[in-house]
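Quick notes on the structure that follows.
All ligand and atom numbering here is 1-based and tracks the order in the structure.
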Amino acid sequence: MKTILTGIRTNSVLTLGNYLGALLPMVRLANEHSKDFNVNIFVPDLHSIISDIDGDLQKNIIRTIKYYLAAGLEVNENVHFYRQSHVPAHSELCWILNCVATMGETSRMIQFKEKSKGQESCNVAIFDYPILMAADILLYSAEFVPVGEDQFQHIELTRNLAMRFNNRFGETFVVPAKTADQVKFMEVENAVRIRDLLNPEKKMSKSTAAENSKIMLDDEPAKAAKKIMSATTDSFGKVKFDMFNQPGISNLLTIESLVTGVPLQEVISTWAGETRYGDLKKKVAESVSEMLAVFQAKLAEISDEEVLRLLESGEKYANEVAGAKLLDAQKAFGLR
Ligand code: ATP
Ligand code: MG
């Protein structure tokens, strides 16, 4: 059975952008394919500690699993949740792959260049994490790894490492699908990109300091509604979907569509030409606050115990699968 694998770093509470752009698409994929695929959802806690943690890491880990469940992920015997640090094979394979990867190729990673830029002394993990990510994927022979465009280069690196390892040491790893095929598998035309509410030219990010620029998944619904009402728009005075000239309005239309499930074209034609931006804002504020209320109520129903039970059984599976693959790699290298 083929494997789909995904993980989101758990450094803080997620935003509406993370929810609509990463969580919901993954839940859709998982529910669609979990009868015929292994669906591995892991918490990359070793990736999380590369940078500062906002809050308590243990609480963040549990909450992240709850997010998937509250977003509608249907659990069956093919869906596996696990914490990366509870499966030691990740760190061990990372070391072996470190001996296969070159400084040249890892130095070319755009994420590394961006994240280390301007930092007087950045930690080694910022440089090495794509190799750990390769281990995360190769240990489970995962073919599909739905990620944002910012991670495509790391998928290509993983493919190169797997092919090089197989050539040098014998067929050991399944090479993940090419990024173009990954996109096809996700059946999306465009990746979702929710904009910052105050500066809609930029994307909404959890690390942006301004409170009103982002909606957090734990915002009180009324507070989220206020943030939508104070979102930056424009002075055209006419609703039109035009990301370039009217990014604020276009962002609101996008959010309305994704939150309600009404196709974007339909939302656009309902509001096209409307001159009172306040009416559109009111409708979007209502939709978002309703969605948050439902999501938060579901979240509150999921107990820590339920999550821990899922993690324990998932980690048993993960240690078996990853342990066997690690052993193959150790044998290929002559370590066993
Ligand atoms: P940070 O500011 O810490 O980088 P972030 O909000 O950009 O946080 P990430 O942890 O970098 O979030 O990304 C987690 C996932 O959410 C990724 O799959 C990413 O593609 C997706 N994502 C992040 N921001 C948005 C957004 N504004 N719209 C849609 N998807 C997003
Ligand atoms: Mg980011």
Between Q151 and H154, which heavy-atom pair has the shortest distance, and what is it? OE1-ND1, 2.8 Å

Which atom names give the shortest non-hydrogen contact between V239 and W271, and what distance separates them? CB-O, 3.3 Å

Tell me, please: is [X] in heavy-atom contact with ligand 1, that is, under 4.0 Å?
X    : value
V147 : no
R9   : no
N18  : yes

Within a distance of under 4.0 Å, is there any protein heavy atom near atom 19 (C) of ligand 1? no

Check: K206 N/O within less than 3.5 Å of ligand 1 N/O: yes

If you draw a 6.0 Å radius around CG in N245, do more than 12 non-hydrogen atoms from other residues or ligands fall strictly inside? yes

How about CD on E220, more than 12 heavy atoms from neighbouring residues, nucleotides or ligands closer than 6.0 Å, or not? no

Considering non-hydrogen atoms of the protein only, which is the closest contact for [atom], and what is the distance?
atom                    : answer
atom 29 (C) of ligand 1 : V192 O, 3.1 Å
atom 31 (C) of ligand 1 : G17 O, 3.6 Å
atom 5 (P) of ligand 1  : K203 NZ, 3.7 Å
atom 15 (C) of ligand 1 : A22 CB, 3.7 Å
atom 2 (O) of ligand 1  : S207 OG, 2.4 Å
atom 28 (N) of ligand 1 : I194 N, 2.9 Å

Would you mind writing out the side-chain donor-acceptor pairs for residues 128-145 within the sub-3.5 Å range, not counting sequence neighbours?
unit_1: D128; atom_1: OD2; unit_2: N98; atom_2: ND2; d: 3.3
unit_1: D136; atom_1: OD1; unit_2: Q84; atom_2: NE2; d: 2.9
unit_1: D136; atom_1: OD1; unit_2: H90; atom_2: ND1; d: 2.8
unit_1: D136; atom_1: OD2; unit_2: H47; atom_2: NE2; d: 2.9
unit_1: D136; atom_1: OD2; unit_2: Q84; atom_2: NE2; d: 3.3
unit_1: Y140; atom_1: OH; unit_2: H90; atom_2: NE2; d: 2.9
unit_1: E143; atom_1: OE2; unit_2: K2; atom_2: NZ; d: 3.4

Within 4.0 Å of some non-hydrogen atom of S205, the atoms of ligand 1 are 2 (O), 6 (O), 7 (O)

Under a 3.5 Å threshold, yes or no: a donor from one side chain and an acceptor from the other, between R9 and S51? yes

